[in-house]
Trainee: 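Before we start, here is the structure in question, set down as structure tokens.
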Amino acid sequence: MKKLTAVVIGYGMRGQAYAQYAIDNPEKLSIVAVADIEEDRLELAKKNHNISDNMLFRTWEDIVKQPKLADFAIIATQDDMHTEPAIKCMELGYDLLLEKPMAQNAKECREIYEASEKYGRKVIVCHVLRFTPFWRAIKAIIDRGEIGRPMSMIHMENVGIMHQSHSFVRGNWRNSVESSPMILAKSCHDMDIMQWVIGKPCKKIQSFGEVTYFNKANQPSGAPDRCTDDCPYAEECIFEPVRYYTQWKENPWRDTVANKVGATDEEIIEALKTGPYGRCVFACDNDVVDHQVVNMEFEGGCTASFTMSAFNKGGRFTKIFGDKGEMDANMETDIITVYNFKTEETKEYELEKIGETISSGHAGGDTGIMEDLLDYFGENKASDSICSLYTSYMNHLMSFGAEESRLADKVVNLDDFSNKI
Ligand SMILES: NC(=O)c1ccc[n+]([C@@H]2O[C@H](COP(=O)([O-])OP(=O)(O)OC[C@H]3O[C@@H](n4cnc5c(N)ncnc54)[C@H](O)[C@@H]3O)[C@@H](O)[C@H]2O)c1
């Protein structure tokens with residue numbers, strides 16, 4: 001296999017997760033340049049990938065002023081900083097690994113798709129679930145016809161109460177105007193995976209949901225807006241941030257709190273006194289939903305319902321009903337069962353449990369996407385998990401359509417919705 005080179009734009013949590021593949025597989029990939037606005041991230045990139053100083057750039061604009069420096073670009077900046085670097089990189093001739101959401105609105109997603117056609121570039125959107133052993137197994141079971149033709153699907157995304165509080169109440173994805181609505185920021189993975197396993201485009205979509213819990217009405221009487229201001233509920237509150245961010249040393253979000261790689265407990269406590277993660281979860285400027293349902297109809301008549309909820313430990317569950325059998329799949333246990341209507345037998349598939357290290361993050365999806373990417377960009381071999389950018393774009397429209405439905409209280413016909421963009 002040909003060794004490929006990449007530049008990383010945005011060396012934060014996600015940029016580092018994908019770049020880790022080059023550290024683990026130096027014979028297959030090397031990171032040759034990095035752009036990030038934070039000095040300590042550039043220092044870390046320099047150390048991790050042995051990058052010379054003239055290949056470290058402070059902003060994405062600086063890196064795209066250079067001629068093409070590598071085979072492909074990894075774009076892992078925040079949601080509002082995908083469109084311009086993506087289009088500029090494609091113009092320069094880079095293929096792309098582009099973080100989801102492609103962009104924050106349907107028009108910009110369309111512009112990215114059109115640029116990929118114009119410049120003839122390959123783009124993989126980081127819908128990492130497609131690249132996990134779990135979802136690959138589900139797709140293969142359906143493609144082998146084990147449950148027959150999919151008739152309906154129930155899918156649930158349990159975000160997890162602490163994940164919700166960190167990312168969607170206090171953190172980067174709390175506000176739909178600053179980042180994206182929940183259905184795009186978090187559940188665009190679920191829209192994509194449901195369309196992929198059902199195997200047909202979604203035609204109609206409808207949604208309900210709101211912020212019912214994480215709001216001012218639920219703030220206990222006498223609780224200060226900032227937890228570090230002697231909150232009388234500190235002992236009993238599960239969201240008390242000093243305990244949450246300092247006592248659990250493996251907490252993947254520790255560095256986010258102080259915006260510093262390898263932050264100490266003291267730096268975290270200091271950051272909690274003034275920063276967003278020290279705020280009472282009932283007194284933040286969050287507006288993204290804490291629970292949502294989406295109903296869908298796919299071409300050919302398959303129907304599906306999706307629930308996203310904050311109020312759980314976390315994990316995804318799925319049931320898919322076909323005309324020959326039904327499937328039950330639990331991403332927490334990695335157990336998939338298939339009941340066959342004719343034989344009346346239940347077959348259990350148990351996948352090897354993947355430890356959650358940075359290199360096997362997202363249940364193996366982060367490594368899986370890099371492996372398939374190298375085959376696709378380097379050898380032009382597309383695995384079943386790879387899809388066209390048009391498909392990714394249309395699957396993003398499911399999220400935008402669902403949000404339109406939720407806000408306008410109507411059923412959205414996705415063909416009409418797409419024609420308006
Ligand atoms: N695929 C997934 O499952 C998944 C999971 C989490 C996040 N995401 C997405 O990945 C993206 C990045 O998320 P993250 O958690 O890594 O965020 P992050 O904040 O950790 O990383 C973003 C990086 O971009 C850098 N940056 C800011 N301005 C810049 C500029 N002008 N030029 C270059 N770099 C700049 C920041 O300093 C930071 O290091 C987001 O779009 C997010 O929605 C995807």
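Both backbone and side-chain heavy atoms feed into the values below; hydrogens, waters and symmetry mates do not. We count ligands from 1, going down the list as the structure has it; atoms in each ligand are counted the same way.
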Trainee: So which of S187, S207, S305, C202 actually passes side chain to side chain contact (heavy atoms under 4.5 Å, CB included) with V294?
Mentor: S207
Trainee: Would you mind writing out the side-chain donor-acceptor pairs for residues 414-421 within the sub-3.5 Å range, not counting sequence neighbours?
Mentor:
unit_1, atom_1, unit_2, atom_2, d
D415, OD1, K203, NZ, 3.4
D415, OD2, K203, NZ, 3.1
N419, ND2, D415, O, 3.2

Trainee: Restricting to ring-ring contact (aromatic ring centres under 6.0 Å, His included), what partner residues turn up for W253, sequence neighbours left out?
Mentor: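 W253: ring-ring contact (aromatic ring centres under 6.0 Å, His included) contacts with H163, H166.
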Trainee: Quick one: ligand 1 N/O to protein N/O pairs below 3.5 Å?
Mentor:
unit_1, atom_1, unit_2, atom_2, d
ligand 1, 1 (N), E99, OE1, 3.0
ligand 1, 1 (N), E99, OE2, 3.3
ligand 1, 1 (N), C126, O, 3.1
ligand 1, 3 (O), H189, NE2, 3.0
ligand 1, 3 (O), H362, NE2, 3.3
ligand 1, 16 (O), M13, N, 3.2
ligand 1, 16 (O), R14, N, 2.7
ligand 1, 17 (O), Q78, NE2, 2.9
ligand 1, 19 (O), Q78, NE2, 3.1
ligand 1, 20 (O), M13, N, 3.0
ligand 1, 32 (N), W60, N, 3.0
ligand 1, 37 (O), D36, OD1, 2.6
ligand 1, 39 (O), G12, N, 3.4
ligand 1, 39 (O), D36, OD1, 3.3
ligand 1, 39 (O), D36, OD2, 2.5
ligand 1, 39 (O), R41, NH1, 2.6
ligand 1, 41 (O), T77, O, 3.3
ligand 1, 41 (O), D79, N, 3.4
ligand 1, 41 (O), D79, OD1, 2.6
ligand 1, 41 (O), H82, NE2, 3.0
ligand 1, 41 (O), K100, O, 3.4
ligand 1, 43 (O), D79, OD1, 2.6
ligand 1, 43 (O), K100, O, 3.4
ligand 1, 43 (O), W173, NE1, 3.4

Trainee: Can you tell which of L56, N54, N50 makes a side chain to side chain contact (heavy atoms under 4.5 Å, CB included) with S52?
Mentor: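 The option that passes is N54.
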Trainee: As a test of understanding, state which of R136, K122, R130 forms a salt bridge (charged side-chain N to carboxylate O under 4.0 Å, His left out) with D372.
Mentor: R136
Trainee: Please collect all ring pair (Phe, Tyr, Trp, His ring centres under 6.0 Å) contacts where either partner lies in residues 185-214, sequence neighbours excluded, each pair once.
Mentor: H127-H189, Y213-F282, Y213-F311, F214-F239
